Structure formats: C-alpha cells, structure tokens
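Report on one structure; see the data block that follows.
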Amino acid sequence: MKRFAEAAEAIAQTSSKLAKIAILAEYLRSLPSDADLAAAARFFTGNPFPQRSESTLAVGGRTLVAAAQNVWGVTDAELARGYRASGDLGAALAQYLREPADLGLFRAPLTPSAFMAILEEIAQSRGAAANKRRQILVERALGACESALEAKYVVKIVTGELRIGLREGLIVDGIAEAFSAPVADVRRAAMAAGDIGAVAVAAKAGTLASVEIAYGAPIAFMLASPLQFGSEYKDLAAQSWLVEDKYDGVRIQAHKDGTEVRLFSRRLNETSAAWPEIVEALRAQIDADVILDGEIVAVDGEKILPFRILQTRLQRKEVSEDLLRDVPVAYVVFDCLARDGAFLLDEPLEARREALAELRLDSERLRSAPWNALEAGSTQEDVHDRFEAARVRGNEGLVFKRTDAPYAPGKRGKWWLKLKRELDTVDAVVVAVEWGHGKRANVLSDYTFAVRGEGGELLVIGKAYSGLTDAEIATMTEWFLAHRLPEPEASRVYEELELARSEIPVEPAIVVEIAFDVVHRSTLHKSGYALRFPRIVRLRDDKSPAEIDTVGKLAHLLP
Ligand code: AMP
C-alpha cells in the first residue's frame, strides 16, 4: 500500500486531469498480480467493494482510534490536536506512526490484495464481538504500514473518505491508458460488471468484450431535469424528443435472469417481496433475460390511480392477500437497459424502445408506457394540450426524452426533462354539501365551496369530492346534518349562490384547503372563476371563515 499511497497523494496534488490519469495508469500497470490490480482499482473509487455488492465496512471512528492507540500508543490529547489541525482522521492518525510495540517475527509489507483480504474479513464480522474483531483487523492493517503516508491512506480507505479528486470517469480513463484499451470498451465493461476491479483485470487480459452483464446487480437510475411550466419550452424546439406521461408511482428497476427476478427501488434497495404479482408477471410473461426501468402504479383495470392509493402498500415489506386484492398495481415499463447478452445503455433511446417493444408487454400487470414523438415545431399550446391529456389519464405530467440519448446511470441531465405543475391551494369555506355516489351514497362527501368577493360576500368557485379519509367524511356528515340552514335562509342561499336542488346549504363554518391545477375564468359560477381538478387537501380546523381567501387571490393565480 506504500506505492498506492504515493500514487494517491500525487494524484491529489495535481489538478490536471491528464496528469491524474497518467499517474494512475502508470501505477496500475506496475502492479504484479491481478488480485492487487483489482483491489487497487477499487480503492481509487473510495469503496473497496464492487460498486454493486452489499458489503460495507461499518468501522466506527472510535474503533479506528482505539486501534491506532493500541498499535502506536497515541494518546487522546495528541490525537485531538492532530485532528483539529488537519480535519482528516487519516492524516491525524498517521503522523503518530511508530514502530509497532509488538514486532512480530516478521512483517510482510501490506499489498493491496492483503489489505483487501483484511477489509473483507472486517465486512464479514458479525455478532456480539464484531466490534472487537474489527478493531483487531484494523490493528493488523495499521501495524503493517511502513510510512505515515501509507497509514494515512489505509485509514482513508477504511473510513471511505479518499477524496483525492478522482471521479469514476477518470479511473476508467486511467485503466484504458494503462492497458491501451479503448475508453468506450472500459466504460461499457464497467457498467456491465459494476466492479471496476474486475474491469481493470479484464483490460489487462484484453478480455473487456467478454465482461458479461451482472444481472441482479442494480444500476443507478437516470433522472430528469425540470422544465418550467408555462415557459417557452425552447429546449424542446431544437432536438428530436419522445413524450411520455409522467407516472406518479414508485420507480422500479427489474432484473430478470432466467427464472430469477429481482426488483430494486430508486435507492437501489431490493424490494421484490413488496410486489409479488409483478415478480410473477415478469417471470411468466417475458422470455428473455432483461433489465427494465419503469414505474409501479396503483390501477383499477386500465385506469391509473393517484399515488395516495399506492401509498397504502409502500410501508409493507411483505403484502397480505387482502392488500394484494384491494390495491392492484401495474408495472409501466419505459426503458430496457439490457437484453440477454447485450447491454443497451449506450444505445440511443430509439433502439432501447425498439427492444422494449419486442417484449410485447401489454398485460394487466405489465405494460409498456405509451409514447409519442413530439412533432417538430410544437407550440406551447401543443405541449399544454398533451399535458392536460396526461392529467386526464390520471398521470402527473409529462416526461420528454431525447430519442438519440443513451441511458446515463445516476445522471440528472438535459436528456430527460419533466414537466409538472406546481400546486397552488386556496382556503375556501364549505357552503353546501351533497350525498355521494357508489360507496359514498350514505355520506355527504361532495362539498361546494366559496371564497369572499370584494364586498365580503361568499362566491362559489367549485365543488370537490375527494381527498378526505372515510373517517373524516363520516364525522363531517354528522356535523353538516346538524348544521343545515333553516328556512327561509336556505331558500335565500339557493338563490344567491345559484345552488342546484341536490345541494344542501349548510352553515358556512368549515374551512377546507383546496388544491387544483389551474384557475380559469368561467361563467359557471357567479364568482367568474373556476378551478381545474380541484381536490380537498385537508380540513383547516385552525382557520375561521373570516380568514378564507378572496377572489383577488384567484385573479392573481390566473395563468
Ligand atoms: P420527480 O419525482 O418529480 O423528481 O420526478 C422524477 C421521477 O419521475 C423519476 O424518478 C421517476 O420515478 C418518475 N417518472 C414517472 N414517469 C416517468 C417516465 N415516463 N420516465 C422517467 N421517469 C418517470
């Protein structure tokens, strides 16, 4: 590790990318064994384990300090002083390096592979004595260090804080230069294997092309940048885009390898057990080995339901039969990242979409996301029409994707753009209620609400019938029944507020917060305004009817 430390320090000290790559390449080329090469390449990423492995070190600062004290006899005071001066535990500990008190019969230098073996043992330490065991293992690594610089980097790797200004891209470049391999080949292999160590070894052996896709190891998700709603959408004019609905569910990456199916969440945790019907559908309905990207949404037949319906399934690791029946879901797939032996990440979206189409996903549980091309010369109005159509389908908005773009794992770039509307809310008072339909036929679930006009009078702006829980609706039903307006006031209100006969006027006392997509001018109500997609967010028990919003606020919110 002495030479690793020297190379790392030299890399940290230059700001030139080319110099960093050259130092890295020379060091990697000089390593005698494959095991050393694999370990060292990973150490440069700051994580000694393959990117996609679940191993972690879990060595706390206290364990490290205790180990250093045992090996070098550092005192607490010395350590505190050193840490304050450098802010870097590695540097702080390393300056106290001395000959170990207990010199074994012989001391072998710490090679990258020997250090890796120690780190693997640390990661595998479990149970009651795990901390003690980890400490002993750290002591073994520190005790083998011959220089302060070496100890500094050993500590940095244990703490996972290498910080030498070496991004993964530069490590790929370094490996390519070290073994005269094309950078694109190294990058492809790195994505396929998810282990830069294995890639370095393959580059050295000239076998990059045969690095296979590691099915079952999650790939970081590609993300979208926001588009400002109502802007001119200039970005959309210049390129060729595909448009999809923006689904409001949970993002899921599915890996199918033979009969083995695994699902991963956006944070790359495995969540297969939460979606058994999707796992089963993938197993039964797809012939190939694949990695897919998409969104799980709650559904009612063909129809997509709001996120809050799906939410009831999210907190559970395992789902009951009841829940499976009550909240059916579908996996809407919008990307295909690998199929059989071929990685498709570097293929343009168009080609990935073709691969997806060939899978013919169109069952109840497994669907491929419908998409359209955005015509050249589309206006703001065209974009908004599409947006409204997506909303009517129950989705959150739109996602625009460049047809020529690769799948860029972990990136939030300009290749994917998302369009959604920020929610606005108004506080309004309930002026009338109505019996619901279907399951809600016995409760007063539909509310007509009003804001205040210039003269303080109440003006109806709309009606909504969703958003509250069943318990809230039941309690409110009782309240409304007890607070119906008596005659002749009721008749006066029917007239003044232009209520329909099915609406029951009530005391204007209950304040509700209403969310909506957009305010527009309308002759439907006397207020002159109406809301699109109004929904009740919550009851505002904390507000009195005197504090509700005015038509002035609605005028202000007009698009
Ligand atoms: P946001 O959560 O608003 O940052 O939006 C980004 C998220 O939208 C992504 O992480 C996906 O989970 C989700 N999403 C929904 N529909 C799509 C789609 N068609 N393509 C890509 N991402 C989508």
Side-chain angles (χ1 to χ4, degrees), residues 218-231 235-236 239-254 263-271 274-275 278 291-299 303-311 313-314 329-337 344-345 347-357 359 361-362 366-374 383 386-424 515 517:
I219 299 167
F221 287 83
M222 180 164 176
L223 302 169
S225 301
L227 264 181
Q228 174 80 35
F229 192 90
S231 66
D235 290 344
L236 298 178
Q239 309 286 344
S240 157
W241 300 87
L242 163 163
V243 199
E244 276 165 11
D245 285 6
K246 183 173 189 299
Y247 300 92
D248 197 8
V250 266
R251 185 91 176 263
I252 291 286
Q253 188 177 103
L263 305 181
F264 296 95
S265 72
R266 187 157 155 180
R267 299 172 73 181
L268 310 187
N269 296 320
E270 182 164 359
T271 56
W275 316 105
I278 302 299
I291 301 178
L292 303 175
D293 187 4
E295 192 99 354
I296 286 185
V297 288
V299 291
K303 207 167 138 29
I304 291 178
L305 302 178
F307 181 72
R308 67 189 159 74
I309 309 283
L310 185 68
Q311 234 166 355
R313 275 187 68 160
L314 292 183
V329 298
Y331 183 33
V332 187
V333 183
F334 47 70
D335 219 315
C336 180
L337 312 189
L344 305 175
L345 297 184
E347 298 285 325
L349 176 60
E350 251 168 344
R352 302 201 306 277
R353 270 291 184 166
E354 233 161 78
L356 179 58
L359 299 177
L361 309 181
D362 64 352
L366 225 48
R367 314 174 181 179
S368 102
W371 59 273
N372 277 299
L374 182 74
V383 170
R386 282 175 183 266
F387 184 89
E388 296 305 339
R391 299 286 312 176
V392 169
R393 285 188 288 270
N395 297 319
E396 206 187 355
L398 297 172
V399 184
F400 298 86
K401 299 178 177 177
R402 280 266 297 268
T403 50
D404 57 344
Y407 189 95
K411 287 234 174 73
R412 190 187 294 283
K414 292 279 179 194
W415 283 332
W416 286 12
L417 301 172
K418 58 184 177 189
L419 183 64
K420 58 180 183 181
R421 197 156 31 205
E422 290 316 321
L423 284 186
D424 248 309
D517 278 11

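All ligand and atom numbering here is 1-based and tracks the order in the structure. Every heavy atom of this structure was used, including side-chain atoms; hydrogens, water molecules and symmetry mates were not. What you are looking at is a predicted structure, and each value in this text was computed from that prediction instead of being measured.
A salt bridge links Arg421 with Glu388: the distance from a Lys NZ or Arg NE/NH1/NH2 to an Asp or Glu carboxylate oxygen falls below 4.0 Å. Using a cut-off of 4.0 Å between Lys/Arg side-chain N and Asp/Glu carboxylate O, Glu396 and Lys246 are scored as salt-bridged.
Note that NZ of Lys418 and CG of Leu223 are 7.5 Å apart. Values are rounded to the nearest 0.5 Å.
Put simply, the residue from Asp248, Val297, Ile304 that forms a side-chain contact (heavy atoms from CB on, under 4.5 Å) with Asn395 is Ile304.
For atom 17 (C) of ligand 1, the closest heavy atom belonging to the protein is Phe334 CE2, 3.5 Å. Looking only at heavy atoms of the protein, atom 20 (N) of ligand 1 is closest to Lys401 NZ, 2.8 Å. Taking atom 9 (C) of ligand 1 as the reference point, the nearest protein heavy-atom neighbour is Arg251 NH1, 3.5 Å. The single protein non-hydrogen atom nearest to atom 8 (O) of ligand 1 is Lys246 NZ, 3.4 Å, given as residue, atom name and distance. Nearest protein heavy-atom neighbour of atom 16 (N) of ligand 1: Tyr247 N, 2.9 Å.
Less than 4.0 angstrom separates some heavy atom of Lys420 from each of these atoms of ligand 1: 3 (O). Taking every non-hydrogen atom of Glu244 and a distance limit under 4.0 Å, the qualifying atoms of ligand 1 come out as 18 (C), 19 (N), 20 (N).
Selection from Glu295, Arg266, Met222, Lys418 by nearest heavy atom to atom 7 (C) of ligand 1 gives Arg266.
Listed for the Ser225 side chain is a donor-acceptor partner under 3.5 Å among the backbone atoms of Gly413.
Aromatic rings of Phe229 and Phe387 (six-membered ring for Trp) have centroids within the 6.0 Å cut-off, being under it.
Ligand 1 lies within reach of Trp416, whose nearest heavy atom is under 4.0 Å from it.
Contacts between Asp248 and ligand 1, counted as non-hydrogen atom pairs separated by less than 4.0 Å, are absent for every part of the residue.
No side-chain N or O of Thr271 forms a donor-acceptor pair with one of Ser265 less than 3.5 Å apart.
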